[in-house]
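Quick notes on the structure that follows.
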Amino acid sequence: MSEFFYQSGWGAFTMMLLMAIPFAIVFAVVIYSRGFATSGAGTTKGTRLSRLEAMWLGFAGLVFLLVNLLSIRYFPMVSTAQAAATPEEVRDVEVVARSWGYHISDRELEVGEAVRFSAKAADTMHSFTLYHPDGRVLFTMQLIPGLEQAASLIYTFKDPGKYKVRCLEYCGIAHHAMQAELVVVDKRS
Ligand code: CUA
């Protein structure tokens, strides 16, 4: 059962819905308390939603569900769990972040291989954030010093090129200079 939640997009979707319940309750309470307040003023019957309001609410709810459903597979935790479920060949890369640079055990990687990044912070809070050559952020890991277990995430590179690593947690005077580079080559052809 827990594997379903970790390894399936549907599990993550279900969790998202469960987490939305408290917000839905607050939302309902606000709508109805406001409704009773306006009905007390005697101008409108505010206790029930009008047809248009109900349609709008339904539409907003539908958009919320669709956007979450369609985007859930891009969630790094979901893709990591899916890759971990089929660990044919995972290359391990160790990362140690220290003010203000990275020790990375392997900086040349290949297109199509699953890479497990296991990262630790040696002194203070840092992050290991990977950028696609086109500038998009692919994922970010917050690295908390003093943890016994490394933060880990599996990523499969799709495009060759030079990938930037940057620290996105403010960590002192040279935080802006805390960068590294990974080179991803295509050896399949
Ligand atoms: Cu390390 Cu900012």
Side-chain angles (χ1 to χ4, degrees), residues 2-3 5-9 11-13 15-16 18-20 22-23 64 67-188:
S2 69
E3 275 181 14
F5 279 112
Y6 282 115
Q7 290 166 6
S8 134
F13 186 60
M15 287 308 290
M16 185 281 299
L18 289 179
M19 285 190 281
F23 294 99
F64 173 78
V67 167
N68 275 284
L69 190 57
L70 295 179
S71 62
I72 207 108
R73 68 198 175 94
Y74 298 107
F75 212 48
M77 287 77 134
V78 174
S79 48
T80 290
Q82 280 171 352
T86 49
E88 308 122 36
E89 276 182 38
V90 177
R91 187 200 288 215
D92 276 296
V93 172
E94 311 275 318
V95 176
V96 178
R98 179 178 276 114
S99 302
W100 289 278
Y102 294 93
H103 167 79
I104 302 173
S105 65
D106 203 345
R107 288 173 190 244
E108 191 179 304
L109 304 164
E110 285 173 39
V111 170
E113 73 177 350
V115 179
R116 182 190 292 115
F117 292 99
S118 298
K120 282 186 163 188
D123 43 18
T124 182
M125 183 96 92
H126 298 286
S127 88
F128 180 80
T129 306
L130 191 67
Y131 289 74
H132 189 273
D134 70 10
R136 276 179 297 133
V137 170
L138 294 170
F139 62 80
T140 181
M141 294 151 92
Q142 189 184 39
L143 308 178
I144 299 164
L147 294 186
E148 227 162 84
Q149 200 177 354
S152 97
L153 189 144
I154 297 175
Y155 183 77
T156 305
F157 289 93
K158 292 171 195 76
D159 305 306
K162 291 180 175 173
Y163 288 66
K164 271 260 176 329
V165 173
R166 290 196 180 97
C167 175
L168 296 190
E169 292 288 333
Y170 182 70
C171 55
I173 193 81
H175 157 72
H176 64 282
M178 189 163 169
Q179 300 189 8
E181 199 172 75
L182 300 178
V183 179
V184 176
V185 292
D186 196 344
K187 289 186 180 167
R188 293 173 305 176

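Because only heavy atoms are used, hydrogens play no part in the values below, and waters and symmetry mates are left out as well, while side chains stay in. One-based numbering, in listed order, for ligands and for the atoms of each.
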field: Between Phe128 and Phe117, ring centroids under 6.0 Å
entry: yes
message: For the metal site, I want the angle between atom SG of Cys171 and atom SG of Cys167 with atom 2 (Cu) of ligand 1 at the apex, to 10°.
response: 120°
- line: For atom 2 (Cu) of ligand 1, angle spanned by Glu169 O and His175 ND1 (nearest 10°) is 90°
Atom 1 (Cu) of ligand 1 - name of the N/O/S atom of His126 that sits closest to it: ND1
- prompt: Do any of the N/O/S atoms of Thr124, backbone or side chain, fall under 2.8 Å from atom 1 (Cu) of ligand 1?
  reply: no
- prompt: Between Tyr102 and Met178, is any pair of side-chain heavy atoms under 4.5 Å apart?
  reply: yes
field: Side-chain heavy atoms of Leu130 within contact of Val137, under 4.5 Å
entry: no
query: Cation over ring, Arg136 on Tyr131, under 6.0 Å and within 45°?
result: no
